[in-house]
Amino acid sequence: MGFIVKSFKENNQIIIFDTTMRDGEQSPGASMNLEEKLKLAKTLESLGVDVIEAGFPIASNGDFESVSEISKIISKSIICGLSRASYKDIDCAAEALKNAKQKRIHTFIATSPLHMKYKLQMQPEDVHQAVVDSVTRARNHVDDVEWSCEDGTRSNEDFLCRVIESAIKAGASTINIPDTVGYTVPSEYRDLISNIINRVPNIDKARISVHCHNDLGLAVSNSLSGILAGARQVECTINGLGERAGNAALEEIVMAIKTRNDILPFYTNIVSENITKASRLVSQITGFPIQPNKAIVGANAFAHEAGIHQDGVLKNASTYEIMTPESVGLIQSNLVLGKHSGRHAFTQKLNELGFKLGDNAVEDAFKRFKELADKKKDIFDEDLLALVDEEARSNDRIKFLSLKVVAGSEGPQSAEIQIEIDGDLKKNKSDGDGPVDATFNSIKKLFPHKAKLLLYQVHAVTEGTDAQAEVTVRLEENGKTVNGQGADTDTLVASARAYINALNKLLVKRQKAAPEALSA
Ligand code: KIV
Ligand code: ZN
């Protein structure tokens with residue numbers, strides 16, 4: 001621990017800065033709509049995230065609106081908006097954040113020779129001036145300003161130290177050193193952070209932050225090395241979501257600190273028992289499945305298949321478990337309700353799961369619960385979560401009503417669907433190459449569109465052949481992608497619901513044109 005500089009030694013709190021909604025959302029296909037972002041923001045707040053990077057307000061009307069709406073509903077976490085070094089970006093971020101109880105502007109510019117020469121086409125001294133101007137501008141709006149040197153790990157160290165000193169002088173209180181392209185390795189990153197701490201004369205006036213991408217699979221290791229060198233903020237995403245190979249995974253950093261506190265003597269505000277819930281939500285919203293062997297949140301992370309391991313775990317769990325499943329919120333699925341459960345038990349269970357629905361929504365959800373209970377004997381928490389998710393779609397312009405499908409080895413397979421578009425009942429029967437194709441064809445006939453199907457994915461919500469299928473459909477139109485979800489005990493009904501959900505999201509996207517193209 002000898003390399004931690006003195007001024008950082010006393011403070012062992014690591015600030016958790018979540019960028020799932022900004023850097024995570026930059027991952028192709030991971031777009032989220034406003035409703036989903038609001039839900040995620042609430043989940044991140046109850047997870048104990050210190051700073052939520054809610055978006056890049058100048059990037060699109062949608063990003064502006066989500067930063068602005070999230071600012072209104074979150075009080076415990078700091079809400080952060082990203083901006084490039086331009087005044088227009090910074091003013092836009094400030095406007096989006098105006099209702100936030102605690103707000104931060106995060107402004108960045110690239111500092112590596114490669115980025116300055118080819119991307120920015122700016123001389124280093126002009127970049128230096130832009131840093132001073134942008135931080136000063138941001139400080140005119142808010143007290144809490146973070147500055148990032150994009151491609152920091154491939155920047156010249158002397159230049160970096162001079163620019164960091166100026167950013168702090170101009171008022172930045174957090175200095176983030178991104179490994180933008182996931183190029184560094186732990187020893188090199190630790191040295192870089194140590195050198196910055198030792199060489200920048202006013203560094204004690206700022207907190208150093210680490211922001212690592214996972215191109216070499218080193219994002220978490222690099223982040224922890226940065227912390228050991230004296231960084232006290234870590235930027236990360238749930239499930240490691242992010243561009244290319246992703247960002248450092250929040251759950252891995254938090255549990256590494258918690259589990260190996262003997263050599264990582266730090267603490268965070270994260271309520272680790274809420275990790276699994278947040279992870280599942282992000283996977284469900286984005287349609288990005290969690291790989292079974294993913295650390296902390298993968299389905300097999302706490303599964304013991306080998307007989308010798310099972311025997312050891314039964315005798316004493318710590319033989320093969322370095323942390324408990326409960327510590328990350330993994331509990332055995334609870335049998336919650338059945339066919340005979342009444343409205344009161346149902347509403348109470350929804351409240352326990354954190355859902356407060358209005359009277360009409362409860363009524364609709366209860367009706368669907370009864371329908372589900374007729375088809376499925378045991379209803380688990382996961383079933384209710386899928387069901388309530390469906391009920392949250394009351395404002396959708398296109399609504400699923402019914403589906404009848406002819407499937408099997410003797411074609412042609414056909415689907416007969418009834419949907420509602422802006423309140424009008426529509427029916428169609430179409431053939432297809434298989435029942436899913438027939439179902440999607442019939443929807444396309446009723447709502448013609450040119451969106452391309454990029455992904456069709458099915459997973460079982462719980463175990464057993466009567467489990468609900470949760471289907472994800474990803475559509476792309478004019479370079480914009482959306483993910484739709486649908487759940488039902490009938491996979492084809494779930495597929496139709498997912499496709500319709502994606503179309504509704506596309507309709508929302510169409511209304512929100514991006515004002516300008518961005519590179520970050
Ligand atoms: O990776 C990166 O450099 C970024 C910055 C905008 C902070 O995401
Ligand atoms: Zn990044």
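Order of listing sets the numbers, starting from 1, for every ligand and every atom in it.
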Novice: Could you tell me whether E69 and K72 have a side-chain N and a carboxylate O separated by less than 4.0 Å?
Specialist: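 Salt bridge between E69 and K72, a charged N being under 4.0 Å from a carboxylate O: yes.
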Novice: Can you name the atoms of ligand 1, numbered from 1 with element, that are less than 4.0 Å from a heavy atom of D23?
Specialist: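 Under 4.0 Å from D23, ligand 1 has these atoms: 8 (O).
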Novice: Does ligand 1 have any atom that is closer than 4.0 Å to a heavy atom of E243?
Specialist: no
Novice: Would you say R22 and ligand 1 have an N/O pair spaced under 3.5 Å apart?
Specialist: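 Right, the criterion is met.
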Novice: Quick one: side-chain contact (heavy atoms from CB on, under 4.5 Å) partners of N156, sequence neighbours excluded?
Specialist: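 Residues passing side-chain contact (heavy atoms from CB on, under 4.5 Å) with N156: D158, F159.
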Novice: Check this for me: does any side-chain nitrogen of one of K294 and E251 sit under 4.0 Å from a carboxylate oxygen of the other?
Specialist: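 Looking at K294 and E251, the cut-off is met.
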Novice: Inspect the contact between E165 and R162 and indicate whether a charged nitrogen and a carboxylate oxygen are less than 4.0 angstrom apart.
Specialist: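 Looking at R162 and E165, the cut-off is not met.
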Novice: Taking side-chain contact (heavy atoms from CB on, under 4.5 Å) as the definition, give me every residue that meets it alongside A278, ordered by chain and number, with sequence neighbours left out.
Specialist: T43, L47, I238
Novice: One residue to check: H211. Relative to ligand 1, which of side chain, backbone, both or neither has a non-hydrogen atom less than 4.0 Å away?
Specialist: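 Within the 4.0 Å criterion, H211 contacts ligand 1 through side-chain atoms alone.
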Novice: Among the heavy atoms of H106, does any lie under 4.0 Å from an atom of ligand 1?
Specialist: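 So H106 counts as touching ligand 1.
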Novice: Less than 4.0 Å between a side-chain N and a carboxylate O, is that true for E53 and R104?
Specialist: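 No.
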Novice: Are there more than 12 heavy atoms of other residues, nucleotides or ligands under 6.0 Å from atom OH of Y183?
Specialist: no
Novice: Give the atom numbers and elements of ligand 1 that come within less than 4.0 Å of a heavy atom of H213.
Specialist: 1 (O)
Novice: Closer than 2.8 Å to the Zn ion (ligand 2): how many protein N, O or S atoms are there?
Specialist: 3
Novice: Does K103 reach the main-chain N or O of I78 with its side chain, forming a donor-acceptor pair under 3.5 Å?
Specialist: no
Novice: Who are the side-chain contact (heavy atoms from CB on, under 4.5 Å) partners of S155, not counting sequence neighbours?
Specialist: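 So S155 forms a side-chain contact (heavy atoms from CB on, under 4.5 Å) with T111, S112, L160.
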Novice: Under 3.5 Å between some N or O of ligand 1 and some N or O of D151?
Specialist: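 No; the residue has no nitrogen or oxygen that sits under 3.5 Å from a nitrogen or oxygen of the ligand.
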